[in-house]
Undergrad: 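I am attaching a structure below and will ask some questions about it afterwards.
Because the structure is predicted, anything quoted here is derived from the model rather than measured.
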Amino acid sequence: MSPQPAPAPLLIACALGIEQFALRAGERGGAGGPVTVLRTGMGPRAAERSVTRMLADPALAGAAVLATGFCAGLAPGMHPGDLVVAEETRDPAGTVPCVGTDLLVKELVRTVPGRTVHTGPLTGSDHVVRGQERSDLLTTGAIAVDMESAATLLSAVRTGERPVAAVRVVVDAPEHELVRIGTLRGGISAFRVLRTVLPAFYEWHRSLLLPRR
């Protein structure tokens, strides 16, 4: 009887220490294979460097990659603590389609009941976006923006064929910008949501390991 292949690993990439802390605080086990939570540092260049270096490790050959953390919502009606599941990530360097978006939405709705889940393009920026620039990005069809997801996924697929996805938690939105009073409350809300999302990520990862019919 031939030995079963080792389960494919999962690499979860975030930029900030507070994001990594939230994810680790929510760890309960139950993933379909080895899981690494990588703190890339802030900005697209840091994300590109960190992800490329990490995926050069033979132990992560074929790893699924999921970018996560906080983001800025672009669409009116978004609130801190809302979730964004990217259908694709995009920035000037390229566009990457995401895998398993519908399953992630389903699992997030189950795992984080009562939270709104938005789907659509997630755009990248090399700086914090505010005011008119936020409105301009909305006209491109993007529903949210962050500084690392697009670079993370583009770097991941450049190193080899693999499933990728991006899930972000809205920390500020058009009516709740970071510069306004209430930012702390919005940040706490986003942190609490990020702390609960790992089971949905694990279900997404497990689904990738199932045989295709």
Undergrad: Backbone N or O of Gly73 within a donor-acceptor pair of the Arg134 side chain at under 3.5 Å?
TA: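 Answer holds: yes.
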Undergrad: Is there a donor-acceptor pair closer than 3.5 Å between any side-chain N or O of Thr36 and the backbone N or O of Leu38?
TA: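 Pair absent, no side-chain N/O of Thr36 close to backbone of Leu38.
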Undergrad: Considering only heavy atoms from C-beta outward, does the side chain of Met54 approach that of Leu11 to under 4.5 Å?
TA: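 They are in contact (side-chain heavy atoms under 4.5 Å apart), so the answer is yes.
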Undergrad: What closest approach, in Å, do Gly81 and Ser189 show between heavy atoms, and which atom pair accounts for it?
TA: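 In this case the closest contact between Gly81 and Ser189 is CA-OG, 3.8 Å.
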Undergrad: Got a sec, which pairs hit salt bridge (charged side-chain N to carboxylate O under 4.0 Å, His left out) with one end in residues 43-57, sequence neighbours left out?
TA: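 Qualifying pairs: none.
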Undergrad: Can you find a pair of side-chain heavy atoms, one from Val117 and one from Asp82, that are under 4.5 Å apart?
TA: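 In short, these two side chains do not touch, never coming nearer than 4.5 Å.
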Undergrad: Are any of the side-chain heavy atoms of Val129 and Leu137 separated by less than 4.5 Å?
TA: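 Val129 vs Leu137: side chains touch.
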Undergrad: Scan for salt bridge (charged side-chain N to carboxylate O under 4.0 Å, His left out) pairs involving residues 96-117, sequence neighbours excluded, and state none if there are none.
TA: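 Residue pairs passing salt bridge (charged side-chain N to carboxylate O under 4.0 Å, His left out), neighbours aside: Glu107-Arg110.
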Undergrad: Decide yes or no for Pro9 and Leu60: does some side-chain heavy atom of the first lie under 4.5 Å from some side-chain heavy atom of the second?
TA: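 Side-chain contact under 4.5 Å: yes.
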Undergrad: Between Asp172 and Phe70, is a side chain to side chain contact (heavy atoms under 4.5 Å, CB included) present by the stated rule, with each step listed?
TA: CA-CA 9 Å; Asp172 75 328; Phe70 303 132; over 6 Å; no
Undergrad: Taking Arg162 for the side chain and Ala156 for the main chain, is one N or O donor matched with an acceptor at less than 3.5 Å?
TA: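 Yes, Arg162 side chain to Ala156 backbone: donor-acceptor pair under 3.5 Å.
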Undergrad: If you measure from OG1 on Thr119 to CD on Glu87, what distance do you get to the nearest 0.5 Å?
TA: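 Separation between the atoms: 4.5 Å.
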Undergrad: As an exercise, state the distance from OG1 of Thr196 to CZ of Phe191, rounded to the nearest 0.5 Å.
TA: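 It comes to 11.0 Å.
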Undergrad: Using modelled atom types only, decide if a donor and an acceptor are shared between the side chain of His118 and the backbone of Ala75 within a distance under 3.5 Å.
TA: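 Checking the backbone N and O of Ala75 against the side chain of His118, no donor-acceptor pair under 3.5 Å is found.
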Undergrad: With the side chain counted from C-beta on, respond yes when Thr68 and Phe201 share a heavy-atom pair under 4.5 Å apart, and no when they do not.
TA: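 Yes; the side chains approach each other to less than 4.5 Å.
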Undergrad: Nearest 0.5 Å, what's the CG-NE2 distance between Leu198 and His205?
TA: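 It comes to 12.5 Å.
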Undergrad: Treating Ile, Leu, Val, Met, Phe, Trp and Tyr as nodes and any side-chain heavy-atom pair under 4.5 angstrom as an edge, say whether Ile143 and Val96 lie in one connected cluster.
TA: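 In one cluster: no.
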Undergrad: Hydrophobic clustering (ILVMFWY, side-chain heavy atoms < 4.5 Å, transitive) - are Val157 and Val85 grouped together?
TA: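 Val85 and Val157: separate clusters.
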Undergrad: Consider only side-chain heavy atoms of I, L, V, M, F, W and Y, link residues closer than 4.5 Å, and tell whether Val51 and Val37 are in one cluster.
TA: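 No.
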Undergrad: Taking His79 for its side chain and Gly77 for its backbone only, find out whether a donor-acceptor pair lies under 3.5 Å.
TA: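 Yes; judged by distance alone, with no hydrogens or angles, the pair exists.
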Undergrad: Sub-3.5 Å donor-acceptor pair from the side chain of Thr101 to the main-chain atoms of Ala86, do we have one?
TA: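 Side chain of Thr101 to backbone of Ala86: a pair is present.
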Undergrad: Nearest 0.5 Å please: distance from the OG1 atom of Thr140 over to the CZ atom of Arg90.
TA: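 Reported value, rounded in 0.5 Å steps: 5.0 Å.
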Undergrad: State, with a plain yes or no, whether a side-chain heavy atom of Cys14 is found less than 4.5 Å away from one of Leu23.
TA: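 A side-chain contact exists here, since the closest heavy-atom pair is under 4.5 Å.
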Undergrad: Same cluster or not: Val99 versus Leu154, using hydrophobic residues (I, L, V, M, F, W, Y) connected whenever any side-chain heavy atoms lie under 4.5 Å apart?
TA: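 No, it is not one cluster - the side chains of Val99 and Leu154 are not joined through contacts under 4.5 Å.
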Undergrad: So do Leu55 and Val65 actually touch side chain to side chain, heavy atoms under 4.5 Å?
TA: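 In contact.
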Undergrad: Whether the side chain of Glu19 engages the backbone of Leu16 through a donor-acceptor N/O pair (distance < 3.5 Å, no angle test) should be reported.
TA: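 Looks like yes, one N/O pair under 3.5 Å.
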Undergrad: With side chain to side chain contact (heavy atoms under 4.5 Å, CB included) as the test, pick out the partner of Val167 among Val105, Leu122, Val84, Leu108.
TA: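 So, applying the side chain to side chain contact (heavy atoms under 4.5 Å, CB included) to Val167 and each of Val105, Leu122, Val84, Leu108, only Leu108 qualifies.
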Undergrad: Please report, to 0.1 Å, the donor-acceptor pairs under 3.5 Å made by any side chain of residues 144-153, with sequence neighbours excluded.
TA:
{"unit_1": "Asp146", "atom_1": "OD1", "unit_2": "Glu148", "atom_2": "N", "d": "2.7"}
{"unit_1": "Asp146", "atom_1": "OD1", "unit_2": "Ser149", "atom_2": "N", "d": "2.7"}
{"unit_1": "Asp146", "atom_1": "OD1", "unit_2": "Ser149", "atom_2": "OG", "d": "3.3"}
{"unit_1": "Asp146", "atom_1": "OD1", "unit_2": "Arg168", "atom_2": "NH2", "d": "3.3"}
{"unit_1": "Asp146", "atom_1": "OD2", "unit_2": "Ser149", "atom_2": "OG", "d": "3.0"}
{"unit_1": "Glu148", "atom_1": "OE2", "unit_2": "Gly43", "atom_2": "N", "d": "2.7"}
{"unit_1": "Ser149", "atom_1": "OG", "unit_2": "Arg168", "atom_2": "NE", "d": "2.9"}
{"unit_1": "Ser149", "atom_1": "OG", "unit_2": "Arg168", "atom_2": "NH2", "d": "3.1"}
{"unit_1": "Thr152", "atom_1": "OG1", "unit_2": "Glu148", "atom_2": "O", "d": "2.9"}

Undergrad: If I compare all heavy atoms of Thr40 with all of Ala13, which pair ends up nearest, and what's the gap?
TA: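 So the two residues come closest at CG2-CB, 4.1 Å.
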Undergrad: So do Trp204 and Leu10 actually touch side chain to side chain, heavy atoms under 4.5 Å?
TA: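 Touching, per the 4.5 Å side-chain cut-off.
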